[in-house]
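What follows is a short report on a single structure.
Chain identifiers are assigned alphabetically (A, B, ...) following the order of the sequence lines, protein sequences preceding nucleic acid strands; residue numbering begins at 1 within each chain.
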Amino acid sequence: MASQYQEYNQLNLPQIGKEVLQQWEAQQAFEQSVTLREGATPFVFYEGPSSAYGMPGIHHVISRTLKDLVCRYKTMKGFQVKRKGGWDTHGLPVELGVEKSLGITKEDIGKKISIEEYNDTCRREVLKYKDKWDELTQKMGYWVDLKHPYVTFENNYIESLWWCLQQLYKKGYLYKSVSIQPYSPAAGSGLSSAELNQPGCYKDVKDTTVVAMFKAVEGDRSRFLFEAAGTDQVFFLAWTTTPWTLPSNLGLTVGANIEYALVRTFNPYTHLPVCVILAKDLVDRHFKKEGEDGDFANYKEGDKIIPWQVLSVFRGSQLENIRYEQLLPYVQPEEGDPFRILIGDFVTTEDGTGIVHTAPAFGADDNRVGKKYGIGILTLVDKQGKFLDTVGEFAGRYVKNYKDDPQYKDVDVDIAVKLKKENRAFKVEKYEHSYPHCWRTDKPVLYYPLDAWFIKTTALKDRMVELNTTINWKPAFTGTGRFGNWLENMVDWNLSRSRFWGTPLPIWRTEDGSEEKCIGSIEELNAEIRKASEVLGGDVNKHYLHQGILDLHKPYVDDIILVSADGKPMRREPDLVDVWFDSGAMPYAQWHFPFENKDVFEQNFPADFICEGVDQTRGWFYTLHVLGALLFDSVAYKTVVSNGLVLDKNGVKMSKRLGNIIDPFKTIEELGADATRWYLVTNASPWDSMKFDTDGIKEVQRKLFSTLYNTYNFFAMYANLDNFSFREAYIPLQQRPEIDRWIISVLNTLVKEVTTYLDDYEPTQAGRVIQEFVDEHLSNWYVRLCRRRFWKGEYEHDKISAYQTLYECLEKVAQLMAPVSPFFAEWLFGNLNKVGQRSTAASVHHTDFPVTVAEAIDNELEERMQLAQDISSLVLSLRKKVNIRVRQPLQKILIPVLNPHMQVQVQKIEHLIKSEVNVKGIDYLTETEGFIKKKIKPNYKALGSKMGAKMKAVAAAIAAFTDADITVLERDGVYNLLIDSEQLQLQLSDVEIISEDIPGWTVANKGALTVALDITITPQLQDEGNARELVNRIQKIRKDSGFELTDRIMVKVAASDTLKSAIIHYNDYICTEILADSLEIVPQLQDGTEIEVNDLKFNVLVNKKS
RNA sequence: AGAUCCGUAGCUCAGCCUGGUUAGAGCACUACACUGAUAAUGUAGGGGUCAGCAGUUCAAAUCUGCUCGGGUCUACCA
């Protein structure tokens, strides 16, 4: 136990951080914070898996601060909060990174490098910044279990995932299907909708678009067109932004109820006469008004205005099944009846021509309508994104520049040129639209027919929507809006990824697909391995017979052949599982459920609280929800906080490219984790995107931490002098002075507010009220007013009361702020507790969060202290106005009281006001008639509802009130107004009457409060003022001479006559203040210090008494 | 293209739900003061078409609609 409070020379937050970190390390503070709560109600928190493949940034600090503060708070509230860290280790980022570092592409894997070696590299590389992450975790004060994290590539983890998949399989939620999916040729992988919904995936790009002309074939159904046209040159116009899909065109889709027009005109490129069909509503978009019914006979090449004429109008339904000639006849489909007009409900007349070019291979809508009509399918582009050899002059060309080839020529342009030449293009232009890009490679995505495994999430859509309504979303609109909409529009979850480093799909199939097995555990797989070996014989699974399977990754799982019930070999479906499944199954897999820890899992599901960036809404938040609902018919989390983006100080998103990334290590090193955390939490609500500015952190440092530090240091200095160590009994509040009871009351109100805010996951509000308390109430009022109590007088009741009060404030503030600024709180709490010994806890984070003492809250007291502050502020501003400094005592102030209650209130805090503003007394004015000039204002809120439309006239009438009118109203309580010859009765409560001025006095107002100051300085007041000035000067000399606080001195003054009186009359006072044993007036002084009091200069000699 | 959130002082934010006096705070700036809390503090000052327009109302920063600007999301549809 220390006997003295540690005092400091200056505040060094980063240094405090380092010291506290060492302390925590030494005493295992985090581990203790969990074990000390053994047996308590658990508060379940899930840590979203982080990827240690990239460096942590400042945006990681914000969400981790939120997570940490909630967990620390709940711990202090008595819950046991286990926090298992986790690493997200699979997925495309690592794979692409490894490909790049090895200088290979996807095609090389399994050829130039074995899958085994490749995956080993991924495994090695994926945690390459783990140390940096751990370091940040530590330095920012994020308490999370880093020693036993879950790691998604570990066998146990994958085994749990397999178990989950098998559950889904058994429930019939897992199925295989061909579908048109977003596919990234550059990454060689299909993309999930979640991946496609990563921010920034949709980019505005300029593509070559073509309005292509599909030549109608004359037949029974189309005869009406040819008859109206009078020519065989009849074309359907269809617009496409992806001309490379045109060779695969098999149909044209129109809307059944859309009106179409047959238009006679000329082809603008070939100038040949043609008749074209397009939606009637879109005719204006494609033809200039001036050309309508123009001069066809005299049209010639080069004319700006092309004549056109609507020949006929008809509905889309009339066009169904009309045939047309294949546009680019390289290949025909093997089956189906293509090249017809189809009817589809997705056709609009928003843009294009109202006729949709339909290539079943490259669009989801196209595929659907194509299947319905049986037009077959043509997939003339391979998985690398290039045309097949069969596509004539375009064979082998990439449809987009997937290889970063500087010589790349746009195929779309060449197709457009070809069509132009062949009289098959009606319009070719560049068009800017947004198009999805692969989030890793930044290359455009294709929609491509792929085999894939899906989770039938749509089957439980309604249940998921229902469960979502029970989740507490912060902010609420993310849950109802963003997440709610997403659930409403959900599609089945495409699980398949054709990559190498990830969780393998545990499904084995016979070659003909007639039988399949979904494996749910390692044990089951090993049994199947042995069975297959026995049934199939030979070398089957021979490497896996002895020890079973040791690594659940590729390539090992692919070696394994299982056997079907009727003895046929089964091979694994080659896909990996979407990494989002890894993270979504984390509640189960982190505990290796159900193979181990069944009880632990049951206690820890669902989570009470999770928190991540808002970008996880469709990511982790969604996959957790899906699996919770599908596997356990439960939510996976009860409360979710989504934090917004961190922008730079100009509101621009941080990116490496712009170089506006904030290095969290540097920030913490220079400004301290506490100030950084405090700033991040209090500057804006977590879910608003925040503009990060280090100047803001500096402000927090000055405003909050520096103030609190100064307050502590002030306390420590005097407490050490008086040996205050809280050894005396706690003085009951009733026995403490008014001001002590006041600050304790405010403190308890604060505890209540902070608790409410934190319970409601509103840390921003909590931080702001703490800050206000420290700055406004504790430092700028309590300490300022009580300074003398700490350094004057004997160590007895009043002084001990002051120490106990300030100690308690500091101690509780330390606890209240501990969740947000854990280091400083620890430092402050520790410094106090080392001497005070009020708590046996080794850390502030092991203590119980302060609880409001309801009896300590005194609203009347808080109200009158507010009055004291307002009155003081008014008097100070009056002094300023007339230039009388506070050290000059004045006789009195005058306060007109509005009601008896107010007078009682002010009287109780009279002494505070008097000492604060240095006046001798306060006079109250109750009978004010004729003395005070009053001002009357309508109470709009009360009057408005009564008067309604007459309000304006009433307000004008009130504004015209004379003093006499006001007196009448005050005396009678009512006043009769005549407005538009109507009698209206005015009540006293309908108006506000304030004392505006007291003639002959210097007056100031704030709201209804009025204060007048007597500025007469009598000779006696002058003396006292002079005495105080002298004290002030000598104190300065003491300080400048480097005397100790307790040193006694002897003083000689060569004062002029005007000062003598003050020195004589206030000799005792002066000596007490300056700790002087003697104060002499001498005629002359050679040495000493020259000082000035009220423009008089003279010398003072101050000697320390030896 | 739609949905949604947002727009208040040079900057960061309150106030809006529940309409009502002269729209607030902090930072920054200016001036003065204070100096045994001093990397603080006090007082005063400048700084606002509350994005714009219209409506409802006696009364709109606040409620409604539209427009503009920004963010986020959804959709990819030629």
Say you pick atom P in B:rC17 and the same atom in B:rA51; how far apart are they, in whole Å? 15 Å

Atom-pair distance (NZ on A:Lys698; P on B:rA28), nearest Å: 12 Å

Taken in chain and number order and not counting sequence neighbours, the residues that satisfy side-chain hydrogen bond (donor to acceptor under 3.5 Å, both in side chains) with A:Asn720 are A:Glu7

Using the C1' atom in both, what is the distance from B:rC66 to B:rG46, to the nearest Å? 37 Å

Whichever of A:Val210 and A:Val783 has the more 5' nearest nucleotide on RNA chain B, that residue is A:Val783

Once you round to the nearest 0.5 Å, how far does CG of A:Leu1075 lie from CD1 of A:Ile1034? 11.5 Å

Can any side-chain N or O of A:Thr353 pair as donor or acceptor with the backbone N or O of A:Leu237 at less than 3.5 Å? yes

Out of A:Asn249, A:Thr241, A:Thr242, which residue meets the side-chain hydrogen bond (donor to acceptor under 3.5 Å, both in side chains) rule with A:His357? A:Asn249

Between B:rG55 and B:rA9, how far apart are the P atoms? Round to whole Å, please. 26 Å

Counting primed atoms, P, OP1 and OP2 as sugar-phosphate and everything else as base, the B/S/- map of nucleotides 16-24 of chain B against protein heavy atoms under 4.0 Å is ----BBB--

Output the distance between atom CD1 (A:Ile355) and atom CZ (A:Phe235), rounded to the nearest 0.5 Å. 13.0 Å

With distance as the sole criterion, do the side chain of A:Arg1038 and the base of B:rG36 form a donor-acceptor contact below 3.5 Å? yes

Considering every strand and a 4.0 Å limit on heavy-atom distances, what is the contact class for A:Asn683: base, sugar-phosphate, or nothing? sugar-phosphate

Please determine whether a side-chain nitrogen or oxygen atom of A:Arg787 lies at a distance below 4.0 Å from atom OP1 or OP2 of B:rA37. yes

Using residues 698-706 of chain A as the side-chain source, report each donor-acceptor pair under 3.5 Å to any protein atom, sequence neighbours left out, with the distance given to one decimal.
unit_1	atom_1	unit_2	atom_2	d
A:Gln701	NE2	A:Leu671	O	3.0
A:Lys703	NZ	A:Asp775	OD2	3.3

Does the distance from a Lys or Arg side-chain N to an Asp or Glu carboxylate O, for A:Arg768 and A:Glu772, drop under 4.0 Å? no

Which part of the nucleic acid does A:Arg879 contact within heavy-atom distance under 4.0 Å: base, sugar-phosphate only, or nothing? nothing

Classify the nucleic acid contact of A:Glu699 as base, sugar-phosphate or nothing, counting any heavy atom under 4.0 Å across all strands shown. sugar-phosphate

Atom CZ of A:Arg1033 and atom C1' of B:rG36: how far apart are they, to the nearest Å? 15 Å

Among B:rG36, B:rA14, B:rA37, which is the nearest nucleotide to the side chain of A:Arg768? B:rA14

Just by distance, do the side chain of A:Ser873 and the backbone of A:Gln869 share a donor-acceptor pair under 3.5 Å? no

In this structure, is the centre-to-centre distance between the rings of A:Tyr679 and A:Phe692 below 6.0 Å? yes

Would you kindly give the CG-to-P distance between A:Leu704 and B:rU12, to the nearest whole Å? 21 Å

Of the nucleotides B:rC76, B:rC13, B:rC34, which has the atom closest to the A:Arg885 side chain? B:rC34

For A:Thr682 and A:Thr764, indicate whether the former's side chain and the latter's backbone hold a donor-acceptor pair under 3.5 Å. no

In whole angstroms, the gap separating P of B:rC77 from CG of A:Asp207 amounts to 12 Å

Verdict with reasoning, A:Phe621 to A:Phe483, per ring-ring contact (aromatic ring centres under 6.0 Å, His included): CA-CA 9 Å; A:Phe621 298 160; A:Phe483 196 65; 7.4 Å; no

Output the pairing pattern of RNA chain B as a dot-bracket string, 5' first, Watson-Crick or G-U wobble with both distances under 3.5 Å, | for cross-strand pairs, [ ] for crossing pairs. (((((((..((((......[...)))).(((((.......))))).....(((((..]....))))))))))))....

What is the distance, rounded to the nearest whole Å, between atom CZ of A:Arg1028 and atom P of B:rC34? 14 Å

Rounded C1' spacing from B:rU43 to B:rC34 in Å: 10 Å

Rounded to the nearest angstrom, tell me the gap between atom CG in A:Leu487 and atom P in B:rU74. 13 Å

Nearest whole angstrom, please: distance from the P of B:rG36 to the CG of A:Leu721. 16 Å

In B/S/- notation, 5' to 3', how is nucleotides 39-44 of chain B contacted by protein heavy atoms closer than 4.0 Å? BSSSSS

What distance do A:Arg424 atom CZ and A:Leu327 atom CG have between them, rounded to the nearest 0.5 Å? 7.0 Å

Quick one: label A:Tyr718 by what it contacts on the DNA or RNA (base, sugar-phosphate, nothing), any heavy atom closer than 4.0 Å. sugar-phosphate

Holding to salt bridge (Lys or Arg N to Asp or Glu O under 4.0 Å), I want the full list of residues that pass it with A:Glu762, two or more places apart in sequence or in another chain. A:Lys474

Which value, in whole Å, describes the distance between the C1' atoms of nucleotides B:rC13 and B:rU18? 22 Å

In this structure, how many angstroms lie between the P atom of B:rC34 and the CG atom of A:Asn1032, rounded? 8 Å

